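First the structure, in the form of structure tokens, and then the observations on it.
Just so you know, ligand 1 is whichever comes first in the structure, and atom 1 is the first atom listed for that ligand. What you see is a predicted model, and the numbers here were worked out from it, not measured in a lab. Quick note: numbers below take in every heavy atom, side chains included, and nothing from hydrogens, waters or symmetry partners.
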Amino acid sequence: MRAGRAGGGTRPALRGLLALLAASALLALAIQSFPGAGPCDGPRGWPRPARRPPPALLEELSRRQRDLLRLATSGGAPRGGGLGCEDLSRLSGVGVVGSGFTKLVLRAALPGAGAIALKSVHRAGRDVSRCVQRYGHPAGCRRLAGYKLLKEVTLLQRLDHPGVVKLHGQCYDNSLDPEIRVIAMLELGSPLEMIQLLQTPWEERFKICLSLVKLLFYLAHSPLGSIVLLDFQPRQFVMVDGNLKVTDMDDASTEELSCKKDNDCTLDFPAKSFVLKCTAAGKCEGLNEKKNLFNAYRYFFMYLLPHTAPSALRPFLSDILNATGDLRYGINETLGAFEKVLDLYKSGLYLQKRLPLLKEYISLKGFRTMEMQDYKCWPSYSHLGCLLSVHNAEEAAAICNSQPQCQSFIVTQQRTWTGRPLALFRSSLTDLIPDVNAVVYMKRSAASRERL
Ligand SMILES: Nc1ncnc2c1ncn2[C@@H]1O[C@H](COP(=O)(O)OP(=O)(O)OP(=O)(O)O)[C@@H](O)[C@H]1O
Ligand SMILES: *[C@@H]1O[C@H](CO)[C@@H](O)[C@H](O)[C@H]1NC(C)=O
Ligand SMILES: *[C@@H]1O[C@H](CO)[C@@H](O)[C@H](O)[C@H]1NC(C)=O
């Protein structure tokens with residue numbers, strides 16, 4: 001099979017990349033651990049006779065190929081991304097960013113395009129080595145894994161959403177029969193660090209959950225039908241500019257399970273199982289969508305949503321957790337519920353009625369405080385001091401009142417993703433500098449002490 005922009009004439013460019021790749025320790029290891037698995041010829045330079053893969057492997061290969069063809073012809077207009085094999089020779093600064101069972105991911109700089117990610121088959125990964133153990137045919141096994149990556153590329157070419165990693169291009173080479181070499185060029189992200197996320201402000205964690213919900217909504221109504229991520233875990237996602245994106249799509253499926261009765265539509269999870277409806281058309285209704293949603297609940301919402309949420313929003317969040325955890329909501333209702341929480345948060349309606357506290361502060365118009373080291377608070381947006389997202393000066397006054405060190409604050413021009421300003425809380429009243437656009441709020445009690 002020959003597809004995409006690539007052709008046999010691009011092999012010198014590919015060799016260029018392979019030479020670059022070989023510089024990375026991991027890839028060198030990958031090649032070494034498979035004697036005779038070097039590019040084209042054996043590592044010592046003699047050509048290796050191609051041996052036909054055993055029948056069972058051929059069977060798997062043709063199943064994967066059919067699966068791929070069905071996907072490639074199932075609608076949705078493919079977008080290639082502008083890059084192809086010829087761009088590989090322009091890459092520099094190649095380094096490893098990650099690897100999984102099937103794929104190896106490198107980063108590289110491309111003049112004009114910045115840093116990109118390159119995905120290829122992980123020749124020493126578990127997927128290939130298991131297959132080799134079973135079938136004893138390394139090249140055929142690499143082809144099998146190559147189909148997985150091709151499937152991912154085929155999906156990425158047809159999906160267009162901010163929550164799906166962007167495909168910049170691809171390079172295929174099938175002149176190494178039976179192997180096909182595939183390199184996918186993608187938007188570069190950074191791995192999702194759950195532990196680190198737990199230490200970020202609630203607003204940022206809510207953003208991640210909301211982007212995930214928007215992604216699942218898109219997948220449920222995608223041009224290819226309802227897509228399920230069969231292997232749904234935080235490590236299938238990366239962060240790009242603070243946005244969550246799915247990067248691992250080789251284990252996605254667009255097929256809904258066929259059934260005769262409801263019991264055929266059982267969704268099994270380690271601690272729970274659900275029985276869905278079997279429709280008259282003989283398909284499990286909404287199974288793909290619900291599987292994604294429950295996984296979102298158990299891997300993301302449960303950890304990221306409730307922790308340090310504004311107290312007035314907690315009942316709404318508990319409802320989302322309960323409804324997704326019991327699969328009472330579909331993705332449409334879940335998105336609706338998330339958007340409602342976002343509106344409440346943005347409008348400040350979540351703020352409980354408080355005494356007006358701002359009148360306990362003197363406002364100094366035309367001044368701001370200098371950016372310098374001061375006391376810390378959690379979860380600050382700055383490591384230098386206490387910088388928090390607020391609805392307005394009134395909420396900032398309430399926060400300042402609750403912190404013994406706080407003597408003054410300013411509401412800065414910086415905004416969070418929801419459009420809320422960041423307020424900087426300070427323990428001193430000195431270090432004022434003129435700024436026509438700013439106002440410093442100072443505790444009256446502190447200001448009078450200062451005058452003494
Ligand atoms: N676009 C990207 N930018 C940065 N890092 C990435 C990107 N895509 C993937 N990675 C990293 O590489 C790892 C492996 O990628 P990927 O999940 O696609 O491979 P895999 O072999 O299918 O993995 P798994 O064994 O989890 O199924 C990811 O866990 C992630 O940390
Ligand atoms: C949802 O709430 C009901 C009623 O309080 C409770 O029985 C159920 O266990 C909850 N489910 C989840 C997933 O929290
Ligand atoms: C969910 O929303 C989509 C897109 O707006 C719509 O096509 C679909 O019918 C809705 N599904 C349900 C169950 O409401």
Side-chain angles (χ1 to χ4, degrees), residues 26 30 81 95-108 114-130 145-153 155-156 163-168 182-194 213-214 216-223 225-226 229-241 243-252 269 271-272 274 277 279 285-286 289-290 293-294 297-299 301-302 305-306 315 317-336 339:
L26 204 79
V96 178
V97 285
S99 66
F101 291 158
T102 317
K103 287 162 283 174
L104 175 67
V105 184
L106 307 178
R107 62 170 293 153
I116 62 168
L118 301 167
K119 272 197 194 182
S120 54
V121 167
H122 190 4
R123 303 162 71 98
R126 204 184 72 168
D127 229 13
V128 172
S129 47
R130 280 223 172 141
Y147 279 144
K148 270 198 165 182
L149 183 50
L150 276 174
K151 175 176 176 181
E152 179 166 289
V153 168
L155 275 168
L156 295 179
V164 178
V165 78
K166 216 169 121 100
L167 181 74
H168 289 315
V182 185
I183 294 171
M185 291 165 247
L186 305 161
E187 190 173 30
L188 180 68
S190 50
L192 203 63
E193 301 285 355
M194 278 313 227
V213 169
K214 287 182 175 169
L216 297 190
F217 181 86
Y218 173 78
L219 292 180
H221 311 298
S222 95
S226 182
L229 302 175
L230 293 172
D231 185 14
F232 190 121
Q233 290 193 44
R235 65 162 195 252
Q236 326 297 354
F237 296 85
V238 290
M239 299 294 291
V240 181
D241 299 330
N243 295 301
L244 182 77
K245 295 183 189 243
V246 62
T247 173
D248 187 352
M249 300 270 324
D250 61 11
D251 265 328
F269 294 99
K272 218 159 187 173
F274 303 92
K277 285 247 160 331
T279 64
E285 190 166 73
E289 167 186 332
K290 297 224 154 152
L293 192 53
F294 189 78
Y297 159 79
R298 69 179 178 137
Y299 286 115
F301 304 164
M302 231 164 69
L305 271 187
L317 297 171
S318 299
D319 183 54
I320 289 177
L321 283 170
N322 187 281
T324 52
D326 284 341
L327 285 181
R328 268 191 293 117
Y329 283 178
I331 191 63
N332 289 17
E333 291 155 292
T334 306
L335 180 58
E339 282 174 341

Run the side-chain contact (heavy atoms from CB on, under 4.5 Å) test against Lys119 and tell me which residues pass, sequence neighbours left out. Lys103, Val105, Leu149, Glu152, Ala184, Leu186, Thr247

For Tyr297, the ring-ring contact (aromatic ring centres under 6.0 Å, His included) test, sequence neighbours excluded, returns Phe294

ring-ring contact (aromatic ring centres under 6.0 Å, His included) against Tyr329, all qualifying residues, sequence neighbours excluded: none

Per atom 30 (C) of ligand 1, closest listed option by heavy atom (Glu152, Met249, Lys166, Arg235): Arg235

Looking only at non-hydrogen atoms, the one of Leu167, Thr247, Asp251 nearest atom 9 (C) of ligand 1 is Thr247

Which residue and non-hydrogen atom of the protein lie closest to [atom], and at what distance in Å?
atom: atom 19 (O) of ligand 1; value: Lys103 CE, 3.5 Å
atom: atom 31 (O) of ligand 1; value: Pro191 CB, 4.0 Å
atom: atom 13 (C) of ligand 1; value: Ser99 N, 3.8 Å
atom: atom 3 (N) of ligand 1; value: Gly189 N, 2.8 Å
atom: atom 27 (O) of ligand 1; value: Asp248 OD2, 2.9 Å
atom: atom 25 (O) of ligand 1; value: Phe101 N, 2.7 Å

Find all atoms of ligand 1 within a distance of less than 4.0 Å from any non-hydrogen atom belonging to [X], and give their numbers and elements.
X: Gly100; value: 14 (C), 20 (P), 21 (O), 23 (O), 25 (O)
X: Asp231; value: 27 (O)
X: Thr102; value: 21 (O)
X: Val238; value: 5 (N), 6 (C), 7 (C)
X: Val105; value: 6 (C), 7 (C), 9 (C), 10 (N), 12 (O), 14 (C), 15 (O)
X: Asp250; value: 22 (O)
X: Ala117; value: 1 (N), 2 (C), 3 (N)
X: Leu188; value: 3 (N), 4 (C)

[X] to [Y] - nearest heavy-atom pair and separation:
X: Arg328; Y: Asn322; answer: NH2-OD1, 2.7 Å
X: Ile183; Y: Ser120; answer: CG1-CB, 4.4 Å
X: Ile116; Y: Leu118; answer: CD1-CD2, 4.0 Å
X: Leu229; Y: Val246; answer: CD1-CG2, 4.2 Å
X: Ser226; Y: Glu289; answer: OG-N, 3.9 Å
X: Gly189; Y: Val240; answer: CA-CG2, 3.7 Å

Measuring centre to centre across the rings, with the benzene-like ring taken for any Trp, is Tyr299 within less than 6.0 Å of Phe237? no

Decide whether the shortest distance between a heavy atom of Lys119 and an atom of ligand 1 is less than 4.0 Å. yes

Without swapping roles, check the side chain of [X] against the backbone of [Y] for a donor-acceptor pair under 3.5 Å.
X: Lys151; Y: Ala252; result: yes
X: Ser222; Y: Tyr218; result: no
X: Glu333; Y: Gly330; result: yes

Between Glu187 and ligand 1, which residue portion shows a heavy-atom distance shorter than 4.0 Å: side chain, backbone, both, or neither? backbone

Within the heavy-atom cut-off of under 4.0 Å, ligand 2 is lined by Lys272, Tyr297, Asn322, Gly325, Asp326

Can we say Asp326 and Lys272 salt-bridge, meaning some charged N sits less than 4.0 Å from an Asp/Glu carboxylate O? yes

Say you draw a straight line from NE2 of His168 to CG of Leu156; how long is it, rounded to the nearest 0.5 Å? 11.5 Å

